[in-house]
*Asks:* 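This is the structure I want to talk about, given as structure tokens.
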Amino acid sequence: MISLQQVFTQAQAEWKGLQESKIPIFFVGAATCGRAAGATEVLERLRSHIRAKWLKALVVEVGCLGPCSFEPLVIVHKSGAPRICYGNVGPDEIIHILENHVLGDDPCAEWALGKMTPGQLDGIDDFDAHPMMRRQVRHILRNCGLIDPENVHHYLARDGYRGFLRALQIGPDKTLEQVKAAGLRGRGGAGFPTWRKWQFCRDAPGRRKYLICNADEGDPGAFMNRSLIEGDPHAVLEGMLVAAFTLGASQGYIYCRAEYPLAIHRLEIAIGQMRELGLLGENIQGSAFSFDLTIKKGAGAFVCGEETALIASIEGRRGMPQPRPPFPAESGLWGEPTVIQNVETLGNLPMILRNGAEWYAQYGSESSKGTKTFALAGKIKRTGLVEVPLGISLKDIIYDVGGGVPQGKALKAVQTGGPSGGCIPADKMDLPVDYESLTGAGSIMGSGGMVVLDEDTCVVDIAKFFLSFTQEESCGKCAPCRVGTRAMLSILERITAGQGEMADLDKLEQIAQTIKDGSLCGLGQTAPNPVLSTLRYFRTEYEAHIRERKCPAGVCPQLLHAPCSNECPAGVDVPLYISLIRDNRLEEALASHLERNPFACICARVCPHPCEGKCRRTQLDEPVSIRALKRYMVDTAKRIPPQEMVRENTHCLGKKTAVIGAGPAGLSCAYFLRRLGYTVTVFEKQDRPGGMMAYAIPEYRLPRKVLQDEIDWLLGTGIELRTNVEVGRDITIDRLKADGYQAFFLGLGAWKGMSMGVPGEELKGVMQGLELLVGRNKGVDVPVGKKVAVIGGGDVAIDSARTAFRMGADVTVVYRRTREEMPAIASEIEEALAEGIRFEFLALPERIEGDSARVEKLTCRRMKLGEFSLDGRRRPEPTEGIFQLEVDTVIAAIGQRVAAEAIAEQVGLTLKSSGRIEVDPFTHETEAAMFFSGGDAVTGPSIVLEAIGAGERAAVAISEKLSQDIAPKDRPRPFWRRTITNDTEFDPEAEPVETPALKQKTLPLDARRNFREVELEIAQNAAYQESLRCLRCDYRVEGCSQTE
Amino acid sequence: MTGPAKKHLAQIKDIPAKYPANRGSLIPILQDIQEKLGYLSEEAVEELERLMGISVNEIYGVATFYTQFRFSPPGQHRIQSCQGTACHVRGGRQILTELEKRLRITAGQTTADGQFDLERVACLGCCALAPVLAVDGKVHAQMTTKKIPAIISRYADEGNNRR
């Protein structure tokens, strides 16, 4: 018998030698994902360089250290210096590091992720303090990335097999007690208490007992088990020894999927090493315990991850599940008591025995003890293999460890549990990650796959994706699973092709229940989960696919015209007008725009262009400057007479509709109603129409004449406008009804400024941002001093700041968060900065002081970023620091509320707690029949374009109701919604042009202390060049299956 | 028996002896046969019936359950397009569509010249580097449709050079 003590001593000496090595060592992360990232090339280059230069250096291949998005990773040991972990290291970089750090004295901080050992190094922090690592607790993965997985001495030197030896010492009963006290639950997905499964097996009679390690890891998106086996195989094998010893098992199997060849290879080597050390075979270490291990390779069947199917596979049969009871613990492999454990469950055992149950149980939550590894992937900045204590909140994993969603996109949901799991929506990110919480939210812990989805992911598509996976992998034994998943998939395919019906949603739920009730195994029982969980949290998205034939995320090909037009709330056909601009067919271009959005000149100036946010050109260089092209178009093209936009209809003319509020929502609704042929009257309480466009947007962004001309054109379709009439006060709703109005649109906007709640707010010289902007646009004299502070970070704040600047003031904007988090349009912030406006970020007003005549100073508290809140932004927290600004004017622009109480009462509406009006998201109808609403009154402060889209949808819904009594052949239809054929030439095989994006010219900075329009006109050639940059995502080849 | 068939059987006749003589060895034996021959030929399955005493029907019943097994000769190079969750979310579908277009076959087929097999796989386990593609087991990370032609021609050239 080999003396393990001797081997331990040898191993420790070897490991110590490695730590104190005088010659340099390169630990290269060369697991499967490391190789995929290029580690093989790094190894080759490194080795050949070392050979060629006759250098004395060691190269060791290690497993996965965790931060996969930084792969290839190399840890460099240089005698006398702390070990440094480098990321994004290609073949050239590693040679550079060798030459400059190892052979020189430049630690190459630009690639360094951190120091692995203590010591001082300028510009390089501890690896454990790296944002991705600092919340992690790497227990299971303690050796991964640090040891050579093929050198058992490394494992032994780091307390390897001490856990098993302890188990041998205390005996199987006490070992079971330890596992029970530790609270270990199965890490394969179901979270069954491990000790209890062992108890069943120990109590069951049988000739021999079996232990099986389930390394079939079939969940798409999961690679935790692979990484552990590749990086530290003995951790799993020692766990098997502990388990087998406690169970009294004499034969073990590791069932590893064939798609993991490196893992299988590592296991074969490790098992050979165990034999050499006398850790396998008869009477291990002189005890009565005899045990041996065989590797079985999975043959490509996801269902074989299920216990009974796995057993069937080992028995050489088709991998089809068996009814339970009897459970494998009583009757499993060859009918004998068998325990099947997941790789990670086994990986937990050595440390429980080594450090004790009490130590283990201090990590994790009450119900879910210990740590868990997760494969963090999808739309997340820092993908990788992470290990955290159970009970940590999802938001800490996603935003803190993972760094949040890239490219500033919005988080949509986090998918856990693979095809058996569900999606947790973005507003539930404070959910703790433990077994019960995830199940309660409609998902499951699963084996650890965690895929992040953002605004560009369609949840219906994701549900369809998972269902097609489980449908394919269904073994076919149970009709509810075999036929039911097929039926659900067909329904989802119809919905994503724009052929769904509302009844389909109920059908999906019914079939789901049948499948869950009637399936023998976990595959069937959990297959409906992705559909059920997305229906639970994202029903509106399903409904959009059905009721509007639209995919809001812009994914489902048959419902997508182009990403830009799909994103536009008004549905403007962007590629169409861009290609018409290219061909100099400007009147047609403008006409096509006016079909969907009458406010072309206005949007060309003020729209924050969500279309550009989805432009696929961004993947090459920068988005197409769509708004600039629109500006060129409106400046150059002649408008067709407004009457041509109308389809007169005698059946509709007699029906009177009332629009309350002449803002963008109201005017848009009026426009589309008129186009359908209805009689429309717009009531506006102000002197002039336009709403926020006229009263809040400053002249230097939107000249008054441009605005007025555009509105006049719209009214020229035949809309009656009555200004200076406040509905609810000057004229009641009842009166309007009595006058014969049959439908109403409430476009009330959000005008009530919010108070800051600071002492001194009542002083003279403190005003709301809207007061300033509205006053200016009305031509009223608003007393603005010379030293102005603007509080807030949205468009009203920036507009107020730049307006005050133009009135001759010195302006500082005070915002409680950082620049990146400011909701204002980015280009507006840039212009404000260029104009010399100062910004104090992370600052919160505390007190305004002055006398009865004027304001004198503003005291602000310095803030710092604290905990993540649900939306992924860090909450600002007060610090000790304060500062003061000497100001004579303070402008509050921290948000506006809806003030609809008066009208709501007359109509009979219950407003939401925010004061906003509640409507059906598709028809925009309120709870009061024939009363519709849209725009800021429904959404809170938003953009002009949203309001325009809402007005159009409401108009269509109003018409739907009003035209019920008209004969079908005479009924008006939203004729503008058909796709206009794009007959311009386009060569899909041509390479994209490489011109840089057009940047619109602006007034020189020294000419800006006035209200002249800042953005200048665009030259024809510049517009032409820009129009060529469009990739024509709307183009479809003849016979393409993805045509709408 | 034909020449090639005889050659097949010579290659596989020693395989069953490496394993315990029971039913549980069926799948490992089939895996080894496929590794040797590249697929499970009819002759090989018939020979296995003789060697193991399990009927051809039963053997096919087991083999066809598992996606690993092929029943026709493979192409020179095996392309696996990962369609797992992380790859799907990062554009895996487009990678597969482009491959199908370039190779003029659909997933599950072999190109006419026998150069390439194209398969969809559910997950290769490199999700942090999605979307991924594996050719002859070598994983290519962070794929884009632009990278595909170069990868295909690299392997196609290798094949040509060997001839």
Side-chain angles (χ1 to χ4, degrees), chain A residues 32-33 35-38 40 67-69 71 217-223 225-227 257-261 296-302 304 313-320 333-334 375-379 383-385 415 418-419 449 451-454 457 461-462 465-466 469 472-473 475 619, chain B residues 19-20 22-32 34-35 52 54 58-70 80 82-94 97 119-130 132-134 137-146:
Chain A
T32 305
C33 42
R35 284 168 201 269
T40 321
C68 306
S69 51
E71 275 173 331
E217 195 167 58
D219 277 1
F223 53 92
N225 296 166
R226 172 181 67 68
S227 302
R257 59 191 298 230
E259 292 89 332
Y260 285 172
K296 286 284 193 183
K297 295 193 274 198
F302 173 73
C304 286
S313 182
I314 294 181
E315 291 177 355
R317 300 186 283 116
R318 288 167 68 87
M320 294 169 91
L333 191 55
W334 315 116
L376 191 56
K379 305 293 187 76
T383 54
L385 180 65
Q415 210 282 338
V451 183
V452 182
L453 315 175
D454 71 0
T457 320
D461 175 72
I462 288 288
F465 165 81
F466 278 122
F469 174 81
E472 173 97 15
E473 296 290 339
C475 76
Q619 293 173 29
Chain B
Y19 294 94
N22 63 42
R23 177 60 186 264
S25 303
L26 176 58
I27 293 174
I29 290 173
L30 288 171
Q31 286 169 330
D32 280 2
Q34 174 150 303
E35 196 164 323
M52 288 190 78
I54 304 173
E58 189 67 29
I59 296 175
Y60 274 118
V62 171
T64 51
F65 185 85
Y66 297 97
T67 59
Q68 185 186 28
F69 297 117
R70 300 184 51 106
Q80 293 166 302
C82 185
Q83 298 298 310
T85 319
C87 289
H88 179 84
V89 153
R90 283 197 175 181
R93 181 91 206 98
Q94 279 83 335
T97 308
E119 282 170 52
R120 304 173 46 183
V121 286
C123 182
L124 285 168
C126 304
C127 316
L129 300 162
V132 300
L133 186 65
K138 179 173 150 75
V139 180
H140 298 262
Q142 281 151 351
M143 281 299 296
T144 61
T145 47
K146 274 206 159 221

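Just so it is clear: chains get the letters A, B, ... in the order the sequence lines come, proteins before strands, and each one is counted from 1. Note that this is a predicted model, so its numbers are computed, not measured.
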*Asks:* Check for a donor-acceptor pair, side chain of B/E58 on one end and backbone N or O of A/R317 on the other, with a separation under 3.5 Å.
*Replies:*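 The answer is no, because no donor-acceptor pair under 3.5 Å joins these two groups.
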*Asks:* If I compare all heavy atoms of B/R23 with all of A/E315, which pair ends up nearest, and what's the gap?
*Replies:*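 Shortest heavy-atom contact: CG-O, 3.2 Å.
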*Asks:* Quick one: of A/G319, A/A301, A/G218, who has the most non-hydrogen atom pairs under 4.5 Å with chain B?
*Replies:*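 Ranked by contacts with chain B, first place is A/G319.
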*Asks:* Sort out for me which of B/Q83, B/R93, B/H140 touches chain A most, counting heavy-atom pairs under 4.5 Å.
*Replies:*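 Among B/Q83, B/R93, B/H140, the one with the most close pairs to chain A is B/Q83.
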*Asks:* So what's closer than 4.5 Å to chain B heavy atoms on A/A222: side chain, backbone, both or neither?
*Replies:*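 When you check distances to chain B, only backbone atoms of A/A222 fall under 4.5 Å.
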*Asks:* In terms of heavy-atom pairs under 4.5 Å with chain A, which of B/V62, B/I29, B/V121 leads?
*Replies:*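 Max contact count across the listed options: B/V62.
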*Asks:* Do you know which of A/R226, A/E259, A/E217 has the most heavy-atom pairs with chain B at a distance under 4.5 angstrom?
*Replies:*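 Heavy-atom pairs under 4.5 Å are most numerous for A/R226.
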*Asks:* Can you confirm whether B/H88 sits close enough to A/D461 that some side-chain heavy atom of one is under 4.5 Å from a side-chain heavy atom of the other?
*Replies:*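 The answer is yes, as the side chains (C-beta and beyond) meet within the 4.5 Å cut-off.
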*Asks:* Tell me the closest heavy-atom pair linking B/I27 and A/K297, and the distance in Å.
*Replies:*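 In this case the closest contact between B/I27 and A/K297 is CG2-O, 4.5 Å.
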*Asks:* What part of A/D454 lies closer than 4.5 angstrom to a heavy atom of chain B: side chain, backbone, both or neither?
*Replies:*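 Neither; nothing under 4.5 Å.
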*Asks:* Against chain B, label A/C475 side chain, backbone, both or neither, depending on which of its atoms sit under 4.5 Å from a heavy atom there.
*Replies:*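 Its backbone and side chain both get close to chain B.
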*Asks:* Name the option with the most non-hydrogen atom pairs under 4.5 Å to chain A; the candidates are B/G137, B/C87, B/G84.
*Replies:*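 Max contact count across the listed options: B/G84.
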*Asks:* Tell me the closest heavy-atom pair linking B/V139 and A/A36, and the distance in Å.
*Replies:*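 Closest approach of B/V139 to A/A36: CG1-CB, 3.4 Å.
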*Asks:* Please give me the minimum heavy-atom distance between B/A86 and A/G378, naming the atom from each residue.
*Replies:*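 Residues B/A86 and A/G378, closest heavy atoms: CB-N, 4.3 Å.
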*Asks:* Please flag which part of A/L385 lies under 4.5 Å from any non-hydrogen atom of chain B: side chain, backbone, both or neither.
*Replies:*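 Contact with chain B involves no heavy atom of A/L385 at all.
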*Asks:* If you take all heavy atoms of B/F69 and A/A299, which pair is closest and at what distance?
*Replies:*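 Smallest heavy-atom distance, with atoms named: CE1-CB, 4.0 Å.
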*Asks:* Considering only heavy atoms from C-beta outward, does the side chain of B/F65 approach that of A/S313 to under 4.5 Å?
*Replies:*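 Contact flag for B/F65/A/S313 side chains = no.
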*Asks:* Heavy-atom cut-off 4.5 Å, strictly under: side chain, backbone, both or neither for A/F466 against chain B?
*Replies:*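 Just its side chain gets close to chain B.
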*Asks:* Measuring heavy-atom distances to chain B, does A/I462 have an atom under 4.5 Å in its side chain, in its backbone, in both, or in neither?
*Replies:*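 It is the side chain, since no backbone atom gets that close.
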*Asks:* Between A/F465, A/W334, A/F223, which residue shows the highest count of heavy-atom pairs closer than 4.5 Å to chain B?
*Replies:*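 With the most close heavy-atom pairs to chain B, the winner is A/F465.
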*Asks:* Do you know the tightest heavy-atom contact between A/K296 and B/G24?
*Replies:*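 Shortest heavy-atom contact: NZ-O, 2.9 Å.
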*Asks:* So which part of A/E71 gets closer than 4.5 Å to some heavy atom of chain B, the side chain, the backbone, both or neither?
*Replies:*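 Contact with chain B: side chain only.
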*Asks:* Looking at A/V451, A/T40, A/N225, which has the largest count of heavy-atom pairs under 4.5 Å with chain B?
*Replies:*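 Most pairs with chain B among the choices: A/V451.
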*Asks:* With chain A as the partner, which of B/K138, B/Q142, B/Q68, B/R90 has the greatest number of non-hydrogen pairs under 4.5 Å?
*Replies:*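 Max contact count across the listed options: B/Q68.
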